[in-house]
Each structure stands twice: as C-alpha cells, then as structure tokens.
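For reference, the structure discussed in these notes is given below.
Here is the naming used below: chain letters follow the sequence lines, and residue numbers restart at 1 for every chain. Only this structure's heavy atoms are used, side chains among them; waters, hydrogens and symmetry mates stay out.
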Amino acid sequence: MVMANSEILRRRAVLPIGTVMDLTTLTARQIRYYETQGFVHPSRNAGNHRMFSLTDVDVLLSIVQQRKSGLSLGEIRRMREVKARQTSDSDARKMLQDDILNQSGFTQAGRGPYGQGFN
DNA sequence: CTTCTGACA
DNA sequence: TGTCAGTA
C-alpha cells in the first residue's frame, strides 16, 4: 500500500472540533454524530478532546455537499461503501500488475496470491 | 475558554 | 438536532 508524504500529513489529527466547525459549517453535535456513524475517526488528545485530520474535514465537507443535493445519511454511507470496494479492487489490480512485472507470484501456474474475482 | 458525555424535548 | 448540566 503506497502512501505519499502528503497523504500521511493529511491523515494526521491536529484540528480541534472548533476549527472543524468553522471549516465545515457543521455544529459540534453533528460532527460528533457523524463520528458515531463511522464517517470520521478523530483521535483524542491528553484531555480527551477530539483531534481531526484534514482527511476527516474532506469527508465532512463531502457529507455537507451530498446532503445539500438531497441524499440521506444512509445513502451517503452506501456511496462510501461502494467507493471503498472500487478502491480495493483497483489496489488489488495494481498489486497483481506489480507481481507480474517483477515475476513474483504466478510461478506455479494457476491461482494467484490474491485468489479469484478481480479484473 | 473549549470540549466532553448524557439526557430531554 | 438543539440545548442544558456538570466536568475535565
């Protein structure tokens, strides 16, 4: 699984809920609720206060947009799940290609190291 | 001062 | 969801 420095930085939890409220126009109540629904995963600091990452903010912003376009939270959750599967598949395809390129795996003809179902 | 959890309308 | 209470 590749991850650029920028991605690592985007995942670092450094924003208090107050800042996230300003950035997303959401109330603390809504942000905490979305956390219970599994949309964002803020970490906690020494004082048990939530600390959000830029990735969390992106997710929250997309929720704000999707809600404006009429989608329910449940529908938004489904969209998230579908995209997660598509990402997994493309990641798996990439892993298979890498294996083919460096001649690892598929040495005994037959099933690859990732089983069937892809491509 | 900011945030947290639990609870009620 | 908003809001109030009592904390940390």
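Judged by distance alone, with hydrogens and angles left aside, the side-chain atoms of A:Asp58 form no donor-acceptor pair with the main-chain N or O of A:Thr55 at under 3.5 Å. Without hydrogens or angle criteria, A:Gln30 side chain to A:Thr27 main chain gives a donor-acceptor distance under 3.5 Å. Using modelled atom types, no side-chain atom of A:Thr19 and backbone atom of A:Leu15 make a donor-acceptor pair closer than 3.5 Å.
Regarding A:His49, its NE2 atom lies at a distance of 6 Å from the P atom of B:dC4, rounded to whole Å. Regarding A:Arg44, its CZ atom lies at a distance of 6 Å from the P atom of B:dC4, rounded to whole Å.
The number of heavy-atom neighbours closer than 6.0 Å to CG of A:Asp22, taken from other residues, nucleotides and ligands shown, is above 12. For CZ of A:Arg80, the number of neighbouring non-hydrogen atoms (other residues, nucleotides, ligands) closer than 6.0 Å is greater than 12.
Using a 4.0 Å heavy-atom distance criterion, A:Gly47 is classed as making no nucleic acid contact.
Side-chain nitrogen and oxygen atoms of A:Arg50 include at least one within less than 4.0 Å of the OP1 or OP2 phosphate oxygen of B:dC4.
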Worksheet item: Given A:Arg12 and A:Ser53, is the side-chain contact (heavy atoms from CB on, under 4.5 Å) satisfied, shown in steps?
Response: CA-CA 5 Å; A:Arg12 293 184 57 181; A:Ser53 67; 5.8 Å; no
Fill in: side-chain contact (heavy atoms from CB on, under 4.5 Å) between A:His41 and A:Phe52, intermediate numbers included
CA-CA 7 Å; A:His41 319 85; A:Phe52 301 77; over 6 Å; no
Practice prompt. Evaluate the side-chain contact (heavy atoms from CB on, under 4.5 Å) criterion for residues A:Asp56 and A:Val20: first the C-alpha distance (whole Å), next the side-chain angles of each, then the deciding distance (0.1 Å), finally the verdict.
Written response: CA-CA 9 Å; A:Asp56 287 325; A:Val20 177; over 6 Å; no
Discussion item. For A:Leu26 and A:Met21: C-alpha separation, side-chain torsions, deciding distance, then whether side-chain contact (heavy atoms from CB on, under 4.5 Å) applies.
Written reply: CA-CA 5 Å; A:Leu26 290 170; A:Met21 290 172 71; 6.0 Å; no
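Side-chain contact between A:Ser43 and A:Met51: present, with at least one pair of heavy atoms (C-beta onward) separated by less than 4.5 Å.
Within residues 25-43 of chain A, the residues approaching DNA chain B are A:Arg32, by heavy-atom distance under 4.0 Å.
For the strand DNA chain C, secondary-structure stems (runs of at least three Watson-Crick or G-U pairs, all distances below 3.5 Å) span B:4-9 with C:1-6.
Mapping heavy-atom proximity under 4.0 Å, the span of DNA chain C touched by chain A runs 5' to 3' from C:dT1 to C:dT3.
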